[in-house]
Amino acid sequence: MTAVRVVVVGGGIAGLAAAWEATRRGADVVVLDAGRPGGKLQTTPFAGVALDEAADAFLARVPGAVELCRELGLEDELTSPAIGSALVWHDGVARRLPEGLVLGVPTDLDALAHSGLLSADGLRAVAADLDRAPDDPERDHTDDESVGALVRRRVGDEVFERLVDPLLSGVNAGDADELSLQCGAAQLAAAARTDASLVRALRTTLRAATASATPVFLTPLTGTGRLVERLVESIGADRVHGSTPATALRRAGTGYEVDTPKGPQRADRVVLAAPAAVGAGLLAAEAPATAAVLADLRYASVAIAALAYRVADVAVPLDASGLLVPRSAGLLVTACSFASSKWAHQGGDGVVRLRVSVGRSDDTRCTRLTDDELLDAVRADLVTLLGITARPTDARVHRWDASLPQYRPGHLARVESAEAALAAALPGVALAGAALRGLGIPACIVSGRTAAGRLLDGGDRTA
Ligand SMILES: Cc1cc2nc3c(=O)[nH]c(=O)nc-3n(C[C@H](O)[C@H](O)[C@H](O)COP(=O)(O)OP(=O)(O)OC[C@H]3O[C@@H](n4cnc5c(N)ncnc54)[C@H](O)[C@@H]3O)c2cc1C
């Protein structure tokens, strides 16, 4: 029997996970990527270590990434952050985030009061949340809404603006007043449904989480690029084609053909794991309803500036994993990861390494600056934030234009309708990737494997 031929468009982590799943199921797999396989998982040498250009770790307590690492024999190469606590910029000072936060929502009111982050009114709003009876009608508010709508209503504006929004913006470079609760903060959505008091519900969430022996974050010691390397080896390096964009998708006999500048690829099944705009273009003619949903998804552009300093040139103790900068600060920098403090394997050698994030959905300045201008602006912000005036010994900029999807309320319902329309219009073609159900590495892995599994289980079509 001839193997089912699966063409995966997009060799980011979602596409590679789809290809790996299809390979395990005995399919004949080809991955087409417009650029470098790995997408946002790229690790390159910087100031003497392997440094990630974008994603630098994954959540270990949600399904997806740890299992994949285990299958690929990477489990022994994983490491967790050396330091757990982080700082947030507030009123001109870098303050430590209090213990007991769940996606920025406090559960420990004493720690919150000691953090100095909230006013007396702000603290009262959090305490008032605990006065709601568990079955107050507030609990029945189950439609998708924005994270901001829920958090502001339950625990007040200050918690939202000073904790939740900076934290979530640090993840998706967006505005949590416009972020889908169900897709962008599923933990909060689940807690909100169980108890009208968000603080009380999240205390239960946190108790369950802290009972776990698994660290919150993990990463391969040589960077997230190692995951890509092992995936490509396991799928077969000759099956993963970089610099090979898919330019068109059409029906051909009982299957499909995917055009590339190097010639067409025949397929029985196709996984579309490229960014939404690419999927929208490929599907516009044959699956317009799906294409419309994909075309409607907005992305934020960000850049990461990596900077290295001699340890003697940095006077402040960088005893945290990093610093979050809320939009109210009006700075270009949105977050600064203290890479050499956060990861034991990236420090301890007399070099301070920082990964500085810039750019938000509502701040596109970084896209208009040259690399030199961007580095100058970042250095000016670092004087304000950390008092670092020295010149870095190494510096580089990585641009991630249109890289972070902005899920608006109702996103998951739109994705479901897009998938149903695609299954009806083009059976044997499925979507995967950050455009669907979350942008984190685990969610992308799950989306890729689910898409391949569904296509090969025959749910959508048989060869
Ligand atoms: C700066 C930054 C930091 C991040 N940090 C973290 C983190 O620490 N932890 C975490 O879990 N997540 C993080 N993320 C999010 C996460 O990295 C991404 O959401 C995830 O890697 C996306 O995977 P993907 O496969 O869906 O898409 P991508 O990685 O975007 O891959 C899509 C691929 O499609 C290819 N492509 C484009 N057009 C075509 C075409 N026409 N034909 C074929 N291929 C095409 C691209 O070249 C690309 O390789 C970060 C993201 C960014 C931008």
Side-chain angles (χ1 to χ4, degrees), residues 7-19 30-43 52-60 62 64-65 81 170-174 216-219 223-225 227-228 231 240-249 258-262 265 270-283 297 299-306 321-322 334-335 337 339 342-343 355-360 366 397-407 431-449 451:
V7 171
V8 178
V9 175
I13 188 64
L16 293 175
V30 171
V31 180
L32 308 174
D33 194 278
R36 285 184 294 177
K40 274 113 201 169
L41 272 58
Q42 303 289 344
T43 309
D52 287 308
E53 296 177 11
D56 74 338
F58 52 77
L59 279 172
V62 298
V171 174
N172 80 342
V216 179
F217 291 104
L218 285 171
T219 199
T224 57
L227 184 52
V228 174
L231 275 165
V240 182
H241 304 281
S243 305
T244 311
T247 52
L249 165 69
V258 179
D259 281 346
T260 79
K262 300 173 185 169
Q265 289 280 348
V270 179
V271 178
L272 295 179
V278 174
L282 294 173
L283 295 173
L297 182 62
Y299 282 74
S301 293
V302 297
I304 301 274
S321 60
T334 57
S337 169
K342 180 174 173 185
W343 304 109
R355 287 180 3 122
V356 182
S357 305
V358 299
R360 281 196 176 100
C366 72
V397 173
H398 280 285
R399 310 271 176 173
W400 296 101
D401 288 347
S403 58
L404 289 163
Q406 304 295 305
Y407 314 116
L431 304 174
L436 303 187
R437 294 180 174 83
L439 56 77
I441 292 170
C444 291
I445 290 171
V446 169
S447 85
R449 299 189 76 157

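Ligands are counted one by one from 1 in listed order, and the atoms in each one are counted from 1 as well. Every heavy atom of this structure was used, including side-chain atoms; hydrogens, water molecules and symmetry mates were not.
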Numbering the atoms of ligand 1 from 1, which are under 4.0 Å from a heavy atom of [X]?
{"X": "C444", "value": "20 (C), 22 (C), 23 (O), 26 (O)"}
{"X": "G39", "value": "29 (O), 31 (O), 48 (C), 49 (O)"}
{"X": "G35", "value": "47 (O)"}
{"X": "D56", "value": "7 (C), 8 (O)"}
{"X": "P275", "value": "32 (C), 34 (O), 37 (C)"}
{"X": "G433", "value": "26 (O)"}
{"X": "G12", "value": "25 (O), 29 (O), 31 (O), 33 (C), 49 (O)"}
{"X": "A57", "value": "7 (C), 8 (O), 9 (N), 10 (C), 11 (O)"}

For [atom], grab the closest protein heavy atom and report residue, atom and distance to one decimal in Å.
{"atom": "atom 11 (O) of ligand 1", "result": "I441 N, 2.8 Å"}
{"atom": "atom 43 (C) of ligand 1", "result": "L32 O, 3.3 Å"}
{"atom": "atom 42 (N) of ligand 1", "result": "A246 N, 2.9 Å"}
{"atom": "atom 5 (N) of ligand 1", "result": "A55 CA, 3.1 Å"}
{"atom": "atom 51 (C) of ligand 1", "result": "L404 CD2, 3.6 Å"}
{"atom": "atom 34 (O) of ligand 1", "result": "G10 CA, 3.5 Å"}
{"atom": "atom 38 (N) of ligand 1", "result": "V278 CG2, 3.4 Å"}
{"atom": "atom 29 (O) of ligand 1", "result": "K40 N, 2.9 Å"}

Ligand 1-proximal atoms of [X], by part, heavy-atom distance under 4.0 Å:
{"X": "S403", "answer": "side chain"}
{"X": "A273", "answer": "backbone"}
{"X": "I304", "answer": "side chain"}
{"X": "T247", "answer": "neither"}
{"X": "V171", "answer": "neither"}

| remark: Sorted by chain and number, sequence neighbours left out, side chain to side chain contact (heavy atoms under 4.5 Å, CB included) with Y299 holds for P275, A276, L297, A402, P405, A435

Looking at [Y], is its backbone amide N or carbonyl O close enough to the side chain of [X] to form a donor-acceptor pair, meaning the two atoms are under 3.5 Å apart?
{"X": "Q42", "Y": "P37", "answer": "yes"}
{"X": "T247", "Y": "D259", "answer": "yes"}
{"X": "T244", "Y": "L32", "answer": "no"}
{"X": "R399", "Y": "S301", "answer": "no"}
{"X": "S447", "Y": "G433", "answer": "yes"}
{"X": "R355", "Y": "A54", "answer": "yes"}

| remark: Closest heavy-atom pair, Q406 versus A300, reported as atoms and distance to 0.1 Å, is NE2-CB, 3.4 Å

| query | Looking only at heavy atoms, what is the nearest atom pair of D33 and G12, with distance? | reply | OD2-N, 3.9 Å

Is there any N or O on [X] that sits under 3.5 Å from an N or O of ligand 1?
{"X": "A14", "answer": "yes"}
{"X": "T244", "answer": "no"}
{"X": "A434", "answer": "yes"}
{"X": "G440", "answer": "no"}
{"X": "L41", "answer": "no"}

Quick check for you: to the nearest 0.5 Å, what is the distance between [X] atom [atom1] and [Y] atom [atom2]?
{"X": "D401", "Y": "L404", "atom1": "CG", "atom2": "CG", "value": "11.0 Å"}
{"X": "F58", "Y": "T224", "atom1": "CZ", "atom2": "OG1", "value": "9.5 Å"}
{"X": "S337", "Y": "W343", "atom1": "OG", "atom2": "CH2", "value": "8.5 Å"}
{"X": "L218", "Y": "I441", "atom1": "CG", "atom2": "CD1", "value": "11.0 Å"}
{"X": "L231", "Y": "I13", "atom1": "CG", "atom2": "CD1", "value": "5.0 Å"}
{"X": "D52", "Y": "L41", "atom1": "CG", "atom2": "CG", "value": "7.0 Å"}

| said: Heavy atom to atom 16 (C) of ligand 1, shortest distance: which of V9, D33, L439 holds it? | reply: L439

| field | For atom 45 (C) of ligand 1, the option (of A34, A54, A277) bearing the nearest heavy atom | value | A34

| task | Please list, chain by chain and in numerical order, all residues satisfying salt bridge (Lys or Arg N to Asp or Glu O under 4.0 Å) with R449, sequence neighbours excluded. | result | E21, E71

| message | If we only consider heavy atoms of R36, is any one of them less than 4.0 Å away from an atom in ligand 1? | response | yes

| Could you go step by step and tell me if K342 and D56 meet the side chain to side chain contact (heavy atoms under 4.5 Å, CB included) rule? | CA-CA 11 Å; K342 180 174 173 185; D56 74 338; 3.2 Å; yes

